[in-house]
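Lettering of chains follows the sequences in order, A, B, ..., and the numbering in each one begins at 1.
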2 protein chains.
Amino acid sequence: MSIFSKLSFKDQAFKLREQAVLDATTKLLASKGFDLMTMDDVAGEAGISKPSLYKHFKSKEELATEVMIRLLDGALAFLEAQDGALSARARLAGLLEWALRVRLEGGLPFLPSSSPQVREMLTKSLRYVSRVYKLHKLLAGIVDAAKQAGELRADLPTDVLLYAYYSRTCDPAVDYMQLYGRYSTEQIVAHMLAMTFDGMAGSGQH
Amino acid sequence: MSIFSKLSFKDQAFKLREQAVLDATTKLLASKGFDLMTMDDVAGEAGISKPSLYKHFKSKEELATEVMIRLLDGALAFLEAQDGALSARARLAGLLEWALRVRLEGGLPFLPSSSPQVREMLTKSLRYVSRVYKLHKLLAGIVDAAKQAGELRADLPTDVLLYAYYSRTCDPAVDYMQLYGRYSTEQIVAHMLAMTFDGMAGSGQH
DNA sequence: AAAAAAAGCTACCAATTAGTAAAAGGTTGT
DNA sequence: ACAACCTTTTACTAATTGGTAGCTTTTTTT
């Protein structure tokens, strides 16, 4: 048991530090973006030294990719935990609301839309891509179901609807509302959902 | 007249080179973003040397700011040239379509939404800020008119509608449609307008 | 053709930053 | 107490990049 507990103890400590690093990176990526975030920033924010940081992740790219993977896993977990009795549209609204709340707490870096270089870096990771693919297929199914049920417009292709949906999670309008409009989290979420589903012309009474 | 023509001739050549630099910068900012664009890139793309580049703009920040100012002037000019008989909603749709087309041709960098640092840099320029303010006030007037006419929903604040409107010009959905969906410029513009005004739920018959 | 102005180029500086080596200091288990 | 291991610190390398100095070459003007 001595060896067992020793190993698991170390493992625990290691994992804890790793989570701290991922948390720090998530925060920094969300606030400064990939290019402006330095490994010294990460080490400082996580409370460890830079060489220790490199014991966990062997490059800045790997670290950022790992953060995005953890985020996707969060989204997938949220979807799986969702009440199966919900309507397709309610499920989409629920996930978007979740993402917006994560973001408003400073925890949603949107690397894939930031630059071609970063996008290329991410697509080189099989683990990342496979999660994106899984999430995309899941959501495509939900969108199709919503179209069938008349909850979403059927005159636009499913992928176009999905691209628009993804983009709402990193919509700069959120920043503007927070920064210049002084709206509360609740208001921002409500406004974003209203805009996403019913657009600027409105009219939807769901 | 000799002195006169000499001066104006130089001035002309100087302005021409300056436009070339601004064009090159616009293109590079749109493709690589501010952080990854180097002054060597700009000089190379514009076909002049780096020291010559610094004869025109005394820093990278000033150069980028100048590009954004030129862009805002373009938007303001478009608005002023618009047919005054158009409905408020048609004017908004027209400007958004113009911006999307500019962007799809590779000429719309969206610095203000890229990072807090870049945003701060821009807001330090009075010439930039005054144009943003002017455009914002103009568009707020149009949005209010559209609300009055029942063309836009009145249950959301004007600034929220405007933030959403601005955000559509730099919506990553455009990239996705172009990159993964292989849609044509016309289709992308049509889809973006549909999504902007009527949302994912649709229903608007305008 | 001569003179003057401008642009180009090479080379450089200073600062930043990803990533590493190696010694110094703690901590843990034996 | 001892020994193995891990973390930290310091210091470093190599590459990039914003910005500049100074000399050379071309072009333009007279």
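When the side-chain nitrogen and oxygen atoms of Ser49(B) are compared with OP1 and OP2 of dG8(C), one or more of them lie within a distance under 4.0 Å. For the OP1/OP2 pair of dA6(C) and a distance below 4.0 Å, the side-chain nitrogens and oxygens of Arg17(B) include no atom meeting the criterion.
Shown here are the salt bridge (Lys or Arg N to Asp or Glu O under 4.0 Å) partners of Lys27(B), two or more places apart in sequence or in another chain: Glu45(B). With sequence neighbours left out, the ring pair (Phe, Tyr, Trp, His ring centres under 6.0 Å) criterion links Phe57(B) to no other residue. Applying the ring pair (Phe, Tyr, Trp, His ring centres under 6.0 Å) test to Phe197(A) and every residue at least two apart in sequence or in another chain returns nothing. Residues satisfying the salt bridge (Lys or Arg N to Asp or Glu O under 4.0 Å) criterion with Asp83(B), sequence neighbours excluded, are absent altogether. Applying the side chain to side chain donor-acceptor pair (under 3.5 Å) test to Gln117(A) and every residue at least two apart in sequence or in another chain returns nothing.
The closest donor-acceptor contact from the side chain of Asp41(B) to the backbone of Thr38(B) lies under 3.5 Å.
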Quiz item: What is the per-nucleotide protein-contact pattern of nucleotides 11-25 of chain D, from the 5' end, where B denotes a base atom under 4.0 Å from a protein heavy atom, S denotes such proximity for sugar-phosphate atoms only, and - denotes neither?
Solution: ------SBBBB----
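Rounded to a whole Å, the CG atom of Leu53(A) is 15 Å from the C1' atom of dT9(D). Regarding Asp41(A), its CG atom lies at a distance of 10 Å from the C1' atom of dT17(C), rounded to whole Å. As rounded to whole Å, 6 Å separates atom P of dA7(C) from atom NE2 of His56(B).
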